[in-house]
S.K.: 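So that we are looking at the same thing, I have put the structure below in structure tokens.
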Amino acid sequence: VSQRPRFEDLVSDYQTMVARICASYERDRDLARDLAQEAWFAIWRALPAYRAEASLKTFVARIAQFRAISHVAQRARQPQREALTAGLVDQEPAPESLAMASAERGSLLAAVQRLPLIYRQPVVLMLEDFSPSEIAALLGLNANVVGVRLNRARGLLRELMQREAS
Amino acid sequence: MNPNEHEEWQAMKIQWKSTSVAEMLMTQQLRWGLRLRMLGSWVWLGTEIAALLLITFLGIIQVAMGQAAVGSCTSSWRWSAPAHRGGRDAPRCAAPADRCSNSWICRCGARGVAFAWPGRTTS
């Protein structure tokens, strides 16, 4: 009989993974933070039903992905709004300075954010160290389909990053 | 996967996992919000249970006072609402979490009680 994992341990172990998954589906930093919170809340609620049929990492990544996709679908239904940031003072460090600190990673993240959803899903999981067969199981797809999508996505990523760099 | 592809993925993975300040900031801040939401969920569940018990108690008092119809209506109304909700969400909650579907999370997620009951999930 497997013991139910502690939620706090899950947060410690996978918080950066969930943050990266959420950031790849939402460009706005505040909305990405809300999305990460939604994802963790869903994980907390689903935790009593965890049966150890898959690894904890898969369990967490799957729920985070589902929440992110739901978020994208919700956002697509909402009318577009103009950002009213001109006169507002941000209490946090300037986004520019944070972005400069991780410029290289930012370019990859920006490229991932621009990928079509069908490519973004397997790419995010691949970058999180899931194998193609695990990705196929997680997304409910054929392994060959995942392989093809990853291959195409890799080409697109390379192209997007080169375009951004030039 | 050929060696070139493998190397390219490895390089991207390293780039992807390099810790960013923005991410750390995000995770520290969301912990507090998450704790508040978890607390709120339990408070909500507690309030639901308290309301259920209180109205049942009032129903019993009404029956004891001779108003059997009013008392039974009051109690049965309060019990039927969570029973209806439970019956609707049970098939989704019974699915193993490893295979949980998006709709399952959305439907149950909208109601704190659905997941706050650890004993309700059976495979």
Side-chain angles (χ1 to χ4, degrees), chain A residues 4 7 11 15-20 22-23 29 32-34 36-38 40-42 44-55 58-59 62-63 65-67 69-70 92-93 95 97-99 101-102 104-109 112 123-124 126-129 132 147 150-151 154 157-158, chain B residues 1-2 4-6 8-38 40-42 92-106 108-123:
Chain A
R4 187 181 302 161
F7 181 69
V11 176
Q15 61 177 358
T16 48
M17 180 183 78
V18 171
R20 282 192 298 257
C22 295
R29 199 154 49 102
R33 187 183 298 158
D34 288 348
Q37 197 186 92
E38 286 288 333
W40 277 115
F41 197 54
W44 176 66
R45 282 172 169 169
L47 199 57
Y50 176 67
R51 296 273 179 274
E53 287 170 12
S55 70
T58 307
F59 173 76
R62 178 190 291 254
I63 296 175
Q65 280 264 348
F66 280 142
R67 288 306 307 175
I69 298 291
S70 297
E92 294 172 8
S97 61
L98 294 172
S102 59
E104 199 182 16
R105 189 187 164 279
S107 69
L108 178 60
L109 180 62
V112 169
V123 162
V124 169
M126 185 72 177
L127 292 172
E128 291 296 341
D129 268 338
L150 282 173
N151 205 26
R154 192 168 48 84
L157 271 180
R158 200 189 307 134
Chain B
M1 200 181 285
N2 68 44
N4 284 345
E5 281 180 40
H6 184 72
E8 199 172 350
W9 278 119
Q10 286 305 317
M12 281 199 275
K13 280 179 191 177
I14 292 166
Q15 211 175 325
W16 181 253
K17 287 186 179 173
S18 57
T19 312
S20 124
V21 183
E23 258 174 27
M24 292 308 293
L25 191 77
M26 190 168 103
T27 49
Q28 286 302 318
Q29 288 190 353
L30 82 85
R31 274 181 178 233
W32 285 104
L34 189 61
R35 281 194 188 118
L36 275 176
R37 287 193 66 173
M38 286 160 69
S41 178
W42 283 113
R92 287 178 184 81
C93 293
D98 304 345
R99 276 186 253 123
C100 59
S101 69
N102 194 21
S103 65
W104 178 64
I105 295 169
C106 291
C108 294
R111 292 158 180 83
V113 73
F115 284 140
W117 284 111
R120 282 187 48 185
T121 52
T122 53
S123 58

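Order of the sequence lines fixes the chain letters, A, B, ..., with proteins taken first and strands second; residue numbering starts at 1 for each chain.
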S.K.: Over all heavy atoms of both residues, which pair between B:Ser41 and A:Arg45 is shortest? Give the atoms and the distance, please.
M.R.: OG-NH2, 4.5 Å
S.K.: On a heavy-atom basis, which atom in B:Trp9 and which in A:Val123 lie closest, and how many Å separate them?
M.R.: CH2-CG2, 4.1 Å
S.K.: For A:Arg20 and B:Lys17, what are the C-alpha separation, side-chain angles and deciding distance, and is it a side chain to side chain contact (heavy atoms under 4.5 Å, CB included)?
M.R.: CA-CA 9 Å; A:Arg20 282 192 298 257; B:Lys17 287 186 179 173; 3.9 Å; yes
S.K.: Look at B:Lys13 together with A:Glu128 and state whether they make a salt bridge at an N to O cut-off of under 4.0 Å.
M.R.: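 Looking at B:Lys13 and A:Glu128, the cut-off is not met.
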S.K.: Quick one: of A:Leu157, A:Asp129, A:Val11, who has the most non-hydrogen atom pairs under 4.5 Å with chain B?
M.R.: A:Asp129
S.K.: What part of A:Glu38 gets closer than 4.5 Å to chain B, counting heavy atoms only: side chain, backbone, both or neither?
M.R.: both
S.K.: With the side chain counted from C-beta on, respond yes when B:Glu8 and A:Arg158 share a heavy-atom pair under 4.5 Å apart, and no when they do not.
M.R.: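 In contact.
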S.K.: Applying side chain to side chain contact (heavy atoms under 4.5 Å, CB included) to B:Arg37 and A:Trp44, what does each step give before you reach the verdict?
M.R.: CA-CA 11 Å; B:Arg37 287 193 66 173; A:Trp44 176 66; over 6 Å; no
S.K.: Within this structure, what is the CH2-CZ distance for the pair A:Trp40 and B:Arg35, rounded to the nearest 0.5 Å?
M.R.: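 Answer rounded to 0.5 Å: 12.5 Å.
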S.K.: How close do B:Leu34 and A:Phe41 get, heavy atom to heavy atom, and via which atoms?
M.R.: CD1-N, 3.7 Å
S.K.: Can you name the closest pair of heavy atoms from B:Gln15 and A:Ser107 and give their distance?
M.R.: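 That closest heavy-atom pairing would be NE2-OG, 3.9 Å.
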